[in-house]
Protein chains: 2
Amino acid sequence: MKNSNTENIDLGLNRSPSGIADEDVMVALLNMGGPKTNADVRAFQSRLFNDTRLIRFPLSKILQPLFAWALVTFRGKASEERYQLIGGGSPLFSSTQAQTEALRRELKKRGRGFSLTFSFNYSEPLPEQTIAETKQANKKYLLPLSMYPHYSSATTGSNLYYLKKAAEGIYPQLQFLPTPLYYLHPDYIQGFVDRVHEQLKPGESLDDFYLIFSAHGLPVYFIMEGDPYPNQIAQSVALVLNQLKRKDKWIVAYQSAVGPMKWMTPSTEGVLRALAKQGMTKVLVVPIAFVNDHIETLCEINMEYKEFALKEGIKDFRMSRALETHPGFIKALADVIEALLPKSEKFQVSGVKSPVNT
Amino acid sequence: MKNSNTENIDLGLNRSPSGIADEDVMVALLNMGGPKTNADVRAFQSRLFNDTRLIRFPLSKILQPLFAWALVTFRGKASEERYQLIGGGSPLFSSTQAQTEALRRELKKRGRGFSLTFSFNYSEPLPEQTIAETKQANKKYLLPLSMYPHYSSATTGSNLYYLKKAAEGIYPQLQFLPTPLYYLHPDYIQGFVDRVHEQLKPGESLDDFYLIFSAHGLPVYFIMEGDPYPNQIAQSVALVLNQLKRKDKWIVAYQSAVGPMKWMTPSTEGVLRALAKQGMTKVLVVPIAFVNDHIETLCEINMEYKEFALKEGIKDFRMSRALETHPGFIKALADVIEALLPKSEKFQVSGVKSPVNT
């Protein structure tokens, strides 16, 4: 046997302190965010490219601001044009707002009294605003609920890092609850199955389509450092395939690679080219790790990869839509919150706290 | 978009030449093998440690024979003792023979006329013997069926490499069919579910046990080079969890690390130690990637890790058994063979070939 470090093993024993009152908890839906309008593109990108937790430029941290400035300056215009194509800004704000509302309704229906908000990393509401709001509302606990279903230090990890950093400065008493995971939840999976079926016209068979489960890629150093991201994606895909009773003609591929680092493979475009070469003419892209439609799906997949695929010889290129407020997805979110914070008998009467606090 | 190489993308389009007669196909179950008796331990290990495709010693290929000699010499006695503990040799020969027989019966029941054999990498029947047998039997095609359900270049890839090398010398006309995959097959999954339930006594609940899905680890360089091994294991695990309706208290861990290289994490022993620290007292280890019980399960898990776990404070340590000839597993194998080689109408009458060969 080799010696092994037990410090960093996540055993999934997400025990939260018992006897937490719903009224003391702020649930925050987390996302990287996006520029609300075209005018916000450069400010958003500047925050994004300056985050060394997300993007590590090859030379050093000292040069990061320079690289970030160069990227914003030289790619800014192209990015603005891409956002213009999908309506002049990212739909993430209104989309996440709608998810938060849907989850609020679902939890209220279940008699739960949590407060809900959402928080972005690189656009408003920024982590500092979320923490200030939580302090203002006098909540003791923050329950971070990532809109990245598959854990990566680049996404959920970065969201948590900045929220905790903001809390240190603004509200150090705030306690962070564990981040619930829902990537194996049957209703989350059913959401993707439904979205896939939505793309079929009456009489069409899914068997005729090759399925590309396209996830946002990462530089391989994230994987080397132990990100469970690709394994968790593989698991969601296995469950979708199982529900679809799908045996073959499918692959997991990674999109959105930029820069000189080595990224995860196979790439979505590489797969499209290989499929075209093999004479496959019908392709359905399932953005398995996206719960909101935004620039990566609406523009990158459904415009850029589509154009590329048609040029390579694919005749029929489709994309299933993101989950958004799919009822199964919202139910899965409510379920994992309730699994973490089971209804305490002491607090069953909504809004009325028990006088006994053991 | 980044440029991408389409050469090495496995699209899973396992098309085999059409119109293949069952009588022209040899199905070979593949495994690394093991020493049949204690007297075979050193010869087996010498072959194993000299395989640079499996084990790459840190310095260079030139020193490989020296390292291999040292390992066999200094570890040989300890290995013999371990084999002694499980009955004086590896049960792999008789176990694989039984699986081959069970699959032969299943295929015959389905009216299929394939010939079947099995082939090991480091003990008899060696690749050269398998190829000679296939030539002798005048088969045109070899269908390699790996007893490693999750593809790795270290296991299935190595088996294929040596079989193809042997064929080049002995029988260059032999055509290799694709290796069918069954790690997502519902009956293969059901096999593990059944094996897990077998460990429970009447009245016991699986919910009380933490589940460790323990797979044979690999040095991380295999993962860096694109082995789909961990993703495929994660997918099998997702389906087992789904069948067990299991939501928490589970992990995938990797066993059997040796040598100075960095291996995949978390390690099975690290997980055991972390669980003991957290006060978890009941553990069930599921050897998800083993279809035969051998030294890694019977000795390493069920004796060595067990002793370690009990010493660390785990009170109840159990291991579910390998699939062996579980009917679901055998059915899954027959299904994937038939999916690759669907029954041709021309050859429906068993043993009678159509005179028309288009």
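Each chain gets a letter, A, B and so on, in the order its sequence line appears, and its residues count up from 1.
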Less than 4.5 Å to any heavy atom of chain B: does that hold for the side chain of Tyr183(A), its backbone, both, or neither? side chain
Calculate, to the nearest 0.5 Å, the distance between atoms CD1 and OG1 belonging to Ile9(A) and Thr265(B) respectively. 8.0 Å
Between atom CD of Gln243(B) and atom CG of Asn242(A), what is the distance when rounded to the nearest 0.5 Å? 7.0 Å
Max heavy-atom pair count under 4.5 Å with chain B, selected residue of Val336(A), Leu239(A), Asp10(A): Leu239(A)
Contacts with chain B made by residues 226-237 of chain A (heavy-atom distance under 4.5 Å), listed by residue number: Pro230(A), Asn231(A), Ala234(A), Gln235(A), Val237(A)
Of the listed residues (Val220(A), Leu275(A), Leu272(A)), which shares the most heavy-atom pairs with chain B below a 4.5 Å separation? Leu275(A)
Contacting region of Ile251(A) [heavy-atom separation from chain B under 4.5 Å]: side chain
Find the distance between CG (Leu13(B)) and OH (Tyr210(A)) and round it off to the nearest 0.5 Å. 5.5 Å
Exceeds 12 heavy-atom contacts within 6.0 angstrom, atom NZ of Lys247(B): no
Which portion of Met264(A) sits near chain B, non-hydrogen atoms under 4.5 angstrom: neither
With rounding to the nearest 0.5 angstrom, report the CG to CG distance, Leu184(B) to Asp248(A). 11.0 Å
